[in-house]
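To start, the structure under review is shown below, and the notes come after it.
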Number of protein chains: 2
Amino acid sequence: MSKLEEISLKTLVKLLRASDSVSEDVHKHLKDYGLTVSQFGVLEAIYHLGSMSQSDIAKKILKSEANIVTVIDNLEKRGFIKRVKNEKDRRYINIVLTDKGKTLIEIIFPQHKKIVAERFSCLSEEEILLLGDLCRKLGKNMPK
Amino acid sequence: MSKLEEISLKTLVKLLRASDSVSEDVHKHLKDYGLTVSQFGVLEAIYHLGSMSQSDIAKKILKSEANIVTVIDNLEKRGFIKRVKNEKDRRYINIVLTDKGKTLIEIIFPQHKKIVAERFSCLSEEEILLLGDLCRKLGKNMPK
DNA sequence: CTCCAATAGTTAGACATCTTACTATTAAAC
DNA sequence: GTTTAATAGTAAGATGTCTAACTATTGGAG
């Protein structure tokens, strides 16, 4: 086995495990609010970026269109978001945060920030930046 | 928002996206063989480490005990592994690779290595090692 | 020795997500 | 303009995974 293949394989395992472990830790508290990771992703996206269509959301949180329908359905049932038809192009539906949804995300997000920072505190600031940089190089369609 | 919180959040997003993107790319070819990622993980684990119990496998591939039962069921149905009762401690079941399973993994694994190395080729050797190191620091129960 | 706690595995039921096929709407080609 | 292709969203069905409750087996405390 070539050396590059070997270190790539080992790094793959570490990357996937680190990602799993971090994701589990930082999303655990969502259960207290009955939210899935995807539901939180939707609320967070429209809270920070404003209302957008379902397909935009799908791209944003990397889930299939069909799945987003279910996620939005469930958030809508609980009154955290609402669907608003776009009158200019009636194919589009804008997903809008309700007051109830805004209240919720404003409770959860500060906790989330703290938990994430805590989880990354085993790395120095330089290491966190470096890790982000390497992930950006490795990923596709990455945020800046 | 504190600076450390901010860079931690951004790095979290990059880590999860990179991991998703890489995982999708390097596991795509498994569908050609009708294998799920978990099924491949089981075959690969017992191919390289020898037969082990279901609970060992669960720890190894980071899935729940209950899920491993299903994964093993499906691999067994297709004749890639078999269950062998451990006679010394009858609570344990050893999962053993069959000849058919060995043939399969010996076809898939070399392809897998190549695909992974190819996927990491946007990074230099030093960067891959560095990424692995940072992930190891960040994760829990990480391989060396 | 007996009983209790821990461990390995299984089953049932729930849920998130995926793929595929479908409808509705818009844009583009001719 | 009419037809055709592309896009947004939905519905149906399948699958992978989870939690919780259960059985079987083993080890340890008294």
Going by atom types alone, do [X] and [Y] pair a side-chain donor with an acceptor below 3.5 Å?
{"X": "Gln111(A)", "Y": "Tyr33(A)", "answer": "yes"}
{"X": "Glu106(B)", "Y": "Tyr47(B)", "answer": "yes"}
{"X": "Arg91(B)", "Y": "Ser53(B)", "answer": "no"}

Checklist entry - Between Lys82(A) and Glu76(A), does at least one N-O distance fall below 4.0 Å, as a salt bridge requires? => result no
Checklist entry - Looking at Asp99(B) and Lys102(B), does any basic side-chain N land under 4.0 Å from a carboxylate oxygen? => result no
Item to check | Test salt bridge (charged side-chain N to carboxylate O under 4.0 Å, His left out) applied to Lys100(A) - qualifying residues, sequence neighbours left out | outcome: none
Checklist outcome for this item: The ring pair (Phe, Tyr, Trp, His ring centres under 6.0 Å) partners of Phe40(A) (sequence neighbours excluded) come to His112(A)
Checklist entry - Is Ile68(A) linked to Leu62(A) within one hydrophobic cluster, defined over Ile, Leu, Val, Met, Phe, Trp and Tyr using a side-chain heavy-atom separation of less than 4.5 Å? => result no
Item to check | Contact letters for nucleotides 12-25 of chain D, in which S counts primed atoms plus P, OP1 and OP2 and B counts the base, heavy atoms under 4.0 Å | outcome: ----SBSBB----B
Checklist entry - Among residues 43-57 of chain A, which residues get a heavy atom nearer than 4.0 Å to DNA chain D? => result Ser53(A), Gln54(A), Ser55(A)
Checklist entry - Is a side-chain N or O of Glu118(B) found less than 3.5 angstrom from the main chain of Ile115(B), in a donor-acceptor match? => result no
Checklist outcome for this item: chain A vs DNA chain C, heavy-atom contacts under 4.0 Å, first-to-last nucleotide span, 5' to 3', is dA16(C) to dT26(C)
Just list the side-chain donor-acceptor pairs under 3.5 Å for residues 4-16 of chain A, sequence neighbours left out, or say none.
unit_1: Ser8(A); atom_1: OG; unit_2: Leu4(A); atom_2: O; d: 2.7
unit_1: Thr11(A); atom_1: OG1; unit_2: Ile7(A); atom_2: O; d: 2.9
unit_1: Thr11(A); atom_1: OG1; unit_2: Ile128(B); atom_2: O; d: 3.2

Item to check | For atom NZ of Lys88(B) and atom P of dG27(D), their distance in whole Å | outcome: 12 Å
